[in-house]
Chemist: 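Got a structure for you, questions after.
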Amino acid sequence: MNASSGTYTATEMMTIAAARALTNRDVCFVGIGLPSAACNLARMTHAPDLALLYESGTLETRPRVLPLSIGDGELCETALTTVSVPEMFQYWLQGERITVGFLSGAQVDRFGNLNSTVIGDYAAPKVRLPGSGGATEIATGCQRIYLVMRHHPRTFVERLSFQTSLGHGPTGRERRALGVRTAGPVLLVTDLCVMTPYAETNEFEVVALHPGVTREQVIAATGWPVQFAERVDETPAPTSVELEALRDLHARTAAAHGAVVTE
Amino acid sequence: MNASSGTYTATEMMTIAAARALTNRDVCFVGIGLPSAACNLARMTHAPDLALLYESGTLETRPRVLPLSIGDGELCETALTTVSVPEMFQYWLQGERITVGFLSGAQVDRFGNLNSTVIGDYAAPKVRLPGSGGATEIATGCQRIYLVMRHHPRTFVERLSFQTSLGHGPTGRERRALGVRTAGPVLLVTDLCVMTPYAETNEFEVVALHPGVTREQVIAATGWPVQFAERVDETPAPTSVELEALRDLHARTAAAHGAVVTE
Amino acid sequence: MSEFVTLSEAVSRWVHAGDRVALEGFTHLIPFAAGHEIIRQRIGDLTLIRMTPDLIFDQMIGAGCARKLIFSWGGNPGVGSLHRLRDAVERQWPRPLEIEEHSHSAMAHAYAAGAAGMPAAFFRGYRGSDLPKVNPNIKFIACPFTGESLAAVPALRPDVTIVHAQKADRRGNVRFEGIIGVQKEAVLAARHAIVTVEEIVDRLSDEGSNDVILPSWTIDAIVVAPGGARPSYAHGYYQRDNAFYVAWDAIARDRDTFQQWMDAHVHSGGKGSA
Amino acid sequence: MSEFVTLSEAVSRWVHAGDRVALEGFTHLIPFAAGHEIIRQRIGDLTLIRMTPDLIFDQMIGAGCARKLIFSWGGNPGVGSLHRLRDAVERQWPRPLEIEEHSHSAMAHAYAAGAAGMPAAFFRGYRGSDLPKVNPNIKFIACPFTGESLAAVPALRPDVTIVHAQKADRRGNVRFEGIIGVQKEAVLAARHAIVTVEEIVDRLSDEGSNDVILPSWTIDAIVVAPGGARPSYAHGYYQRDNAFYVAWDAIARDRDTFQQWMDAHVHSGGKGSA
């Protein structure tokens, strides 16, 4: 997935597009991996006051390098303070103090529901995935959910093997029926495009293609008959400021961890 | 209530008799006033490792003077650590980490039930008392309850105006019926005598009279037809070590608070 | 994000007649200055919420601010009664006072449930107590696993919580030290929060700490109010004025001496800031 | 009261075949040394409990210690899969592994409920998730005040909890610093608790602090085990060995390389103490 488009990679475009969605006033519950890169990039560029919380209990952390795990020492050392994990889930997440939850998963469907549990049958799985972690309650406890995932037909699926975390539900209408007051997934950024839910159906549709990406590429990489919005924009290409900040962050991270870091 | 019996007062005898019930291995939830004096006296004499917890969140506190309130700075400054009030009630009291809860009240009945809420009708009280505070859950959450109260017919009553805290219940048999696993009140120390519940009925009966106190005094000071155990001992008089420690404690306390301190 | 404002502005913007107002601080850090400002602004019909009403609610109740009181222990610690509270309950002076009475454990759980976004708190409580007979907000549920009967009370969700803390930093984050009580929960449970502080500092704590800190985005207003917890105390700043707690007994016992004291010490004081 | 003992004695006295054993530490302070000692003593049929199984449970599961796993996220953080866990679930090697799967929020609430002496935890969770369909220990109750459906899970009550901390004092009190995770709750929820520590100190903290400390009387055994959290880390002592986490992927992917590694690094090591 290093298909370079000019002077930046598709992954860089994805991370930068995701970072742009965050504002200086957001309080963000950060997942490890792609979300972590996007959130810290936002903090290091246009949103210096963005408050980042990791489920390890670090409140308003400002890591200088990306953590390998959700509980790296760097997160605690640069935090406003560190609370216990029960407090994090009780007062901060369930207390609905978080404006944005950033999630990813092994599978997503057209309504933004996520699977991070198993591929195949639960009792006799083909692939046993890590499981929910914080995702199940992040998906319902944060005011809004942003999704970041690489586009692939095995990932963007017609039907999830297992619904770990609620998006808009199997028919797109389950949140209200379940009494969930939060908005759920309102943004899905991939390495090909930006998607948002169509208001009437809550089905994710393409609203912007990254520079150089064609509709056909998106259709081929999506496991359901993907819809395009009436107007499809082109994602603005990364600025040199964004690219430099992201590359510096990755370089510092690689130096600090002394090893390859998967993203 | 300063009826001196030889070289010590009835209140001193009561405090010292109560202190003796505590062991070096106890973890004690301390109420303010009489319990606080008894607990700290025990810690300063025969039970130096006695762990004292106050509901303000101070764990294993070692005050040099008696606190006026349950949240005095002295309690925090001399504690192993100080936790939040919700944590104190959740993990420490409800978690059944406490071996002894020391309680007092405005009224007690023969089964060790306590009233600290109202005298008279709840909706139109003759006297509005402070209320439960921690007592209601201390009474059921600690492994054992020790009571310390001054003996008086208006205090030791046939029938409580209001049952704030469960002793052995209105018939002496309610704890088990309510699913309460802890022992409840097993000791009642007054300025006249020591009482424990009779095994078959859970009614408090006199097991020891303080030196110089007669059965008639106890009968006159008790609002129900008080029972005496088959064998009634004499409470050992305060030792000079006990008396000196208690008086030093009170002198330090008076000096520190710069004012009279009710006990 | 918190704003730095005067006490007078904080109270007039965020405390309104009829509100549910919590003033917390467990013996320690009781927000007296803020309570006095509410009295001076004559904000009435309040539902006052506090585990231990203490002198501050005795004063506010005596001044007629309160329509209802939610509490769990209403005494003058180590001294005796709160006479203004008793006068309101026993003789409806200066106005009738509705009370909703709990145990400490229930109040602590109810604040924690409010902070945690729960509709109610569930705990092992009220067994064998008469309190559930007089408080319809105490219910019982059966544990779905063991069948055990467990107490339930509604989460506390104040319209505004007011607390006092030692320090704020320049970004509006606040640190609590010493006996921290239920302040964090009371702030996080509320729709709005006012924090009075002893001082503003550059740095709240050491790197990598587990200190008790509330971020700026959980607070509406920060007011610099040195001594704002007197006659209670602020760990690291000043001691509890125990003599005043003892003296209050005589002041509050009588309606006239109470009103004279209030005129001299509250109504005449604090214009614009503490 | 806690006793100071060797790791070998602590494990042989307090960990028994068939026990429910929690080893907590959220990325930070993972009690690897103690887990290795359990493997060396070949204690089997355990129900292993841990929010994030991590490498330590991958090793214990691969070594055949576990009959059942209670968990909420079973991956190698930042790297990928736990191959021994997957081999046990997908191919029953070295023995079948029953799993009870939760979300982090549920596990955190369940430990807190255990610490609080509750039979169950009640929280706003599992809405719209398939997990309740595959885990009969997830139920729902109606809030007695609002009617809202709330999730319930049984409290976690391990027979023994093992955690690693930075410091104990000579009286056997223990302090945790940095990312404190769910360790306090896991210890307080358990019937017995073993704490391995980096060192013994004279004084745990400053006077009047709110530091995270467990008193001696909540702990059974304290074991001095410097480096006992490696390859995870101990805030203030040593860093996480990220390179080993990455290297583990290749070691654990294959049964033979796994067994060779275990023989060389676990079975040959640690006699009597860490």
Chemist: Please tabulate, for side-chain N and O atoms in residues 221-230 of chain D, each donor-acceptor pair with protein atoms closer than 3.5 Å (sequence neighbours left out).
Modeler:
none

Chemist: Looking at D:D211, D:V212, D:L150, which one has more heavy-atom pairs under 4.5 Å with chain C than the rest?
Modeler: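 Most heavy-atom pairs under 4.5 Å with chain C: D:L150.
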Chemist: Side chain from CB out, backbone as N, CA, C, O: work out which of these in C:F176 comes under 4.5 Å of a heavy atom of chain D, or both, or neither.
Modeler: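 The answer is the backbone of C:F176.
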Chemist: Ring centroid separation for C:F26 and C:H104, is it under 6.0 angstrom?
Modeler: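 Judged by ring-centre distance (under 6.0 Å), C:F26 and C:H104 do meet the cut-off.
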Chemist: With chain D as the partner, which of C:N137, C:N210, C:V153, C:I141 has the greatest number of non-hydrogen pairs under 4.5 Å?
Modeler: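 With the most close heavy-atom pairs to chain D, the winner is C:N210.
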Chemist: Could you walk me through whether C:R191 and C:D159 pass the salt bridge (Lys or Arg N to Asp or Glu O under 4.0 Å) check?
Modeler: CA-CA 5 Å; C:R191 285 201 301 127; C:D159 293 309; 3.3 Å; yes
Chemist: With respect to chain C, which residue among D:A152, D:P154, D:S209, D:C143 yields the maximal number of heavy-atom pairs within a distance under 4.5 Å?
Modeler: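 Sorted descending by pairs with chain C, the first entry is D:P154.
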Chemist: With heavy-atom distances below 4.5 Å as the criterion, would you say the side chains of C:M107 and C:I49 are in contact?
Modeler: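 C:M107 reaches C:I49 side chain to side chain.
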